[in-house]
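Numbers restart at 1 for each chain; the letters A, B, ... are given by sequence-line order, proteins then strands. Heavy-atom basis, side chains included; hydrogens, waters and symmetry copies ignored. Given the structure is predicted, the values throughout are model-derived calculations rather than measurements.
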Amino acid sequence: MNGEVVWDGSKQPQPQPVRKPKKRGMALEARKSFKKHWQLYLVVLPPLLFFIIFKYYPMANAVLAFKDYNVIKGIWGSPWVGLRNFKLFFDNPIFWDLIRNTIYLSGYLLLAGFPIPILLALMLNEIRSGRFKRIVQLVTFAPYFISTVVMVSIIMLFLAPRLGFANVALNHLGFDSINFLGEPGMFRSIYVWSDIWQTAGYSAVIYLAALAGIDPTLYEAAKVDGASRFQKIVHVDLPGILPTIVVILILNVGNVMAIGFEKVYLLQNPLNQSTSEIIATYVYSIGLLNANYSFATAVGLFNSVINLVLLLLVNGLAKRLTSNSIW
Amino acid sequence: MQAQAAPKRTSIRESAGDRLFMAVVYTILTIVLIAVLYPLIYIVSSSISSPAAVTSGRVFLWPVDISFKGFETLFNTPAILTGYGNSIFYTAFGTLISVALTVMIAYPLSRKTFFGRNAIMMIVTFTMIFSGGLIPTYMVVKSLHLIDTRWALLIPNAIWVWQVIIARTFFQASIPEELAEAAEIDGCSDLRFMRSVVIPLSKPILAVLVLMYAVGQWNAYFDALIYLKSANLFPLQLVLRSIIIQNNSSGMMDAMKMVERQQLSELLKYALIVVATLPVLIIYPFVQRYFVQGMLVGSVKG
């Protein structure tokens, strides 16, 4: 320890390096880093290859959308057809049905599913009794761990036309049975409310954490001013978690076109298809089931691009309006 | 309301309005509690009731004529046992691969002296907002001859970007740059530092990664749906889909009489749900805090 100090003291201060052009400075920094961290570069290689092969190579493969895919010639040998696949999609009468179904479903999910976790968190935050609060949190968080297949299985068992719990209950009350999953008009509600049942407790956690981070002196000030509990929620809690709300809202709005395939596909049947066919399920059925690769890629690419534009737009808007953004 | 005295224990007197407000809050939360809990109890109760009670709709809350016939049949069905075994395999190996790869990319990206960290982070996070799509990805997996092999469920979705962000944030916050520099001066290589300092110091984040990947892998069905064709490779979720959602229980109980079979097939569905969800829900109360941690670490820098 002592020697180190002496050694340090005897060392002359390094002369300040002459300012170099930025490019050479970067090259130097890179060379130094490679020499020093060559092991880390080896470590990072396999995961990086993963991203290149399974995420970026498919992006290159998306040129399929502008080609007429031929199995023998392969992706790169197949003839170019320009925008024909896109034109076919836009001219297809199903185009507007798909857009409408996709937007209505995620719009409904956003309108109903976004405020509920916030309300849940605000209510839980009011409760001082540790035990009740813990139980409610534990129980409402639990359905998050149920898989999509099990979730849809539960929905189907509960809503089954003859023996389902919902219809048995309806019959007891003197009503006729309803074939819930066969009604196109009910598909969206079933999807959205089961989703809320499953994820509200999970989503509330992030708001609860934000609420826990609010400056306690604000509550004391509110108390001195004689604010009621409700007024405290409106004037302290809500402004306190507003940044969190905005970020989550950006993420949700930005993903409106990216609504998940998994649950919709499992809930889908020929009877409810007029409302349950969304872009993602359509890509799967024409692409993988009918092997119409080029057309399905075009539809998928259209969806990805719209989604990207939407995300950037919403983010930019939020930046301008509130100075909260995800980038 | 106003005539009521405030409870003696509380020193701060709450106004009548506040008490009414809290009564409403408690009522709503109790309703929420019941609404979430009831379907879960109903399913467990049905799974251990007699087949006749389930098909005649006599189960409302508690089990009726307790019997374990559903579970007995399940454990005598080869397709379900195979699916269960497969799911355990995919969960164990998939989690191992995923956690290893995630740490391998997240740790170097957390080092300030690692040149190119921002560029690589951009490459990684961009895949979160844009993707080539279903078919182009399928073509890649196909050209690597992974279709209908176990690897198809272990590799193509091995790394989740969100997990990389969480792990990187953790490393940045809890492995000080000075520690790495000191080790370097002592002649410790980066690999050795990772093995003997970073990993032992990162148990909390490793727990988060393991649990999130494991639950994700156990619950997944989509990759199996598009990449697998042979039934002997199917994970439990896919077996479940075929039996409950596609209502395809033929070949499971061929030896039974018609009526008995019909009753049992209803009961089996409940038992299957319980069996598929139980491993996750049993460990859940003990690991909930890790999930919460994971969410919050990520949200700091999401």
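Separating the CG atom in B/L109 from the CG atom in A/L48 is a distance of 8.5 Å, to the nearest 0.5 Å. With values rounded to the nearest 0.5 angstrom, B/I283 atom CD1 is found 8.0 Å from A/F145 atom CZ. Atom CD1 of A/I146 and atom OH of B/Y284 lie 10.5 Å apart (nearest 0.5 Å). Taken to the nearest 0.5 Å, the NZ atom of B/K269 stands 6.0 Å off from the CG atom of A/L157. Atom-to-atom distance recorded for B/I135:CD1 and A/L301:CG is 12.5 Å, nearest 0.5 angstrom. Going from atom CG of B/L240 over to atom OG of A/S147 covers 6.5 Å, rounded to the nearest 0.5 Å.
Heavy atoms of A/V305 lying under 4.5 Å from chain B belong to its backbone as well as its side chain. Contact of B/A35 with chain A is made through the backbone alone, with heavy-atom distances under 4.5 Å. Using a 4.5 Å cut-off between heavy atoms, A/V168 contacts chain B through its side chain alone, with no backbone atom that close. For A/L42, no part lies under 4.5 angstrom from a heavy atom of chain B. Contact of A/M156 with chain B is made through the side chain alone, with heavy-atom distances under 4.5 Å. The part of B/V215 that comes within reach of chain A is its side chain, from C-beta onward, which places non-hydrogen atoms under 4.5 angstrom from that chain. If you measure heavy-atom distances from A/I75 to chain B, the contacts under 4.5 Å come from the side chain alone. Only the side chain of B/I43 has a heavy atom closer than 4.5 Å to any heavy atom of chain A. B/V161 touches chain A through its side chain: at least one heavy atom from C-beta onward sits under 4.5 Å away, while N, CA, C and O do not. Both the backbone and the side chain of B/S189 come within contact range of chain A, judged by heavy atoms closer than 4.5 Å. In this structure, the portions of B/L101 lying under 4.5 Å from any heavy atom of chain A include both its backbone and its side chain. With a 4.5 Å cut-off on non-hydrogen atoms, B/L33 touches chain A through its backbone and its side chain both. Neither the backbone nor the side chain of A/K32 comes within contact range of chain B, judged by heavy atoms closer than 4.5 Å. Proximity to chain A (any heavy atom under 4.5 Å) is shown, for B/L238, by neither the backbone nor the side chain. Both the backbone and the side chain of B/A158 come within contact range of chain A, each with at least one heavy atom under 4.5 Å from a heavy atom of that chain. Interface residue A/Y69: only side-chain heavy atoms are found under 4.5 Å from chain B. If you measure heavy-atom distances from A/L40 to chain B, the contacts under 4.5 Å come from both the backbone and the side chain. With a threshold of 4.5 angstrom between heavy atoms, B/L281 approaches chain A through side-chain atoms but not through N, CA, C or O. Contact of A/Y56 with chain B is made through the side chain alone, with heavy-atom distances under 4.5 Å. Proximity to chain A (any heavy atom under 4.5 Å) is shown, for B/L211, by neither the backbone nor the side chain.
Interface check for chain A: of the options B/L40, B/T113, B/V124, B/I120, the most heavy-atom pairs under 4.5 Å are formed by B/T113. Ranked by heavy-atom pairs under 4.5 Å with chain A, the list B/I226, B/L225, B/T30 is led by B/L225. Per-residue heavy-atom pair counts under 4.5 Å with chain B were compared for A/L208, A/L120, A/I127, and the maximum is reached by A/I127. The choice from B/A100, B/G132, B/P156, B/A220 that makes the most heavy-atom pairs within less than 4.5 Å of chain A is B/P156. Counting heavy-atom pairs under 4.5 Å between each of B/Y138, B/Y42, B/F126, B/W218 and chain A puts B/Y42 at the top. When the candidates A/L122, A/L138, A/N269 are compared by the number of heavy-atom contacts under 4.5 Å with chain B, A/L138 comes out ahead. Across B/S131, B/A106, B/S46, B/P285, the residue that shares the most heavy-atom pairs under 4.5 angstrom with chain A is B/S131. Note: A/A142 leads A/G74, A/A142, A/A65 in heavy-atom pairs under 4.5 Å with chain B. Of the residues considered (B/V141, B/V164, B/N157), B/N157 shows the highest number of contacts with chain A, using heavy-atom pairs under 4.5 Å. When each of A/A210, A/G300, A/P46, A/P47 is checked for heavy-atom pairs under 4.5 Å with chain B, A/P47 comes out on top. Chosen from A/T140, A/V152, A/L64, A/I154, the residue pairing most often with chain B at heavy-atom distances under 4.5 Å is A/I154.
Residues A/R31 and B/F115 are not in side-chain contact: their nearest non-hydrogen atoms beyond the backbone lie 4.5 Å or more apart. With contacts defined as side-chain heavy-atom distances shorter than 4.5 Å, the pair A/F50/B/M104 does not qualify. Within the 4.5 Å cutoff, no side-chain heavy atoms of B/D190 are placed close to those of A/Y41. You'll find the side chain of A/S153 reaches within 4.5 Å of the side chain of B/I245, heavy atoms only. Side-chain contact between B/F21 and A/I233 is present, with at least one heavy-atom pair separated by less than 4.5 Å. Contact of the B/M139 side chain with the A/T297 side chain is not registered, since no non-hydrogen atoms from C-beta on lie closer than 4.5 Å. Residues B/I105 and A/F51 have side chains in contact (heavy-atom distance under 4.5 Å, counting atoms from C-beta outward).
Classification of the A/H37-B/F114 ring pair by plane angle, with boundaries at 30° and 60°, yields tilted. Ring orientation note: the planes of B/Y26 and A/F132 are tilted relative to one another, at an angle of 30° to 60°.
Atom CH2 of B/W160 has more than 12 heavy atoms from other residues, nucleotides or ligands within 6.0 Å. The environment of CZ in A/F230 is sparse: at most 12 heavy-atom neighbours from other residues, nucleotides or ligands sit within 6.0 Å. Atom NZ of B/K112 has 12 or fewer heavy atoms from other residues, nucleotides or ligands within 6.0 Å.
Between B/K142 and A/Y293 the shortest heavy-atom distance is NZ-OH, 3.9 Å. Across B/P136 and A/P58, no two heavy atoms sit closer than the pair CB-O, 3.2 Å. Across all their heavy atoms, A/Y57 and B/V140 have their closest contact at CD2-CG2, 3.3 Å. In terms of heavy atoms, B/L134 sits closest to A/V283 at CD2-CG1, 4.1 Å. Taking all atoms of both residues into account, the shortest heavy-atom contact from B/F130 to A/S304 is CE1-CB, 3.6 Å. Closest non-hydrogen pair, B/T127 versus A/K55, comes out as CG2-CB, 3.5 Å.
Ring pair A/Y265/B/Y221: centre-to-centre distance not below 6.0 Å.
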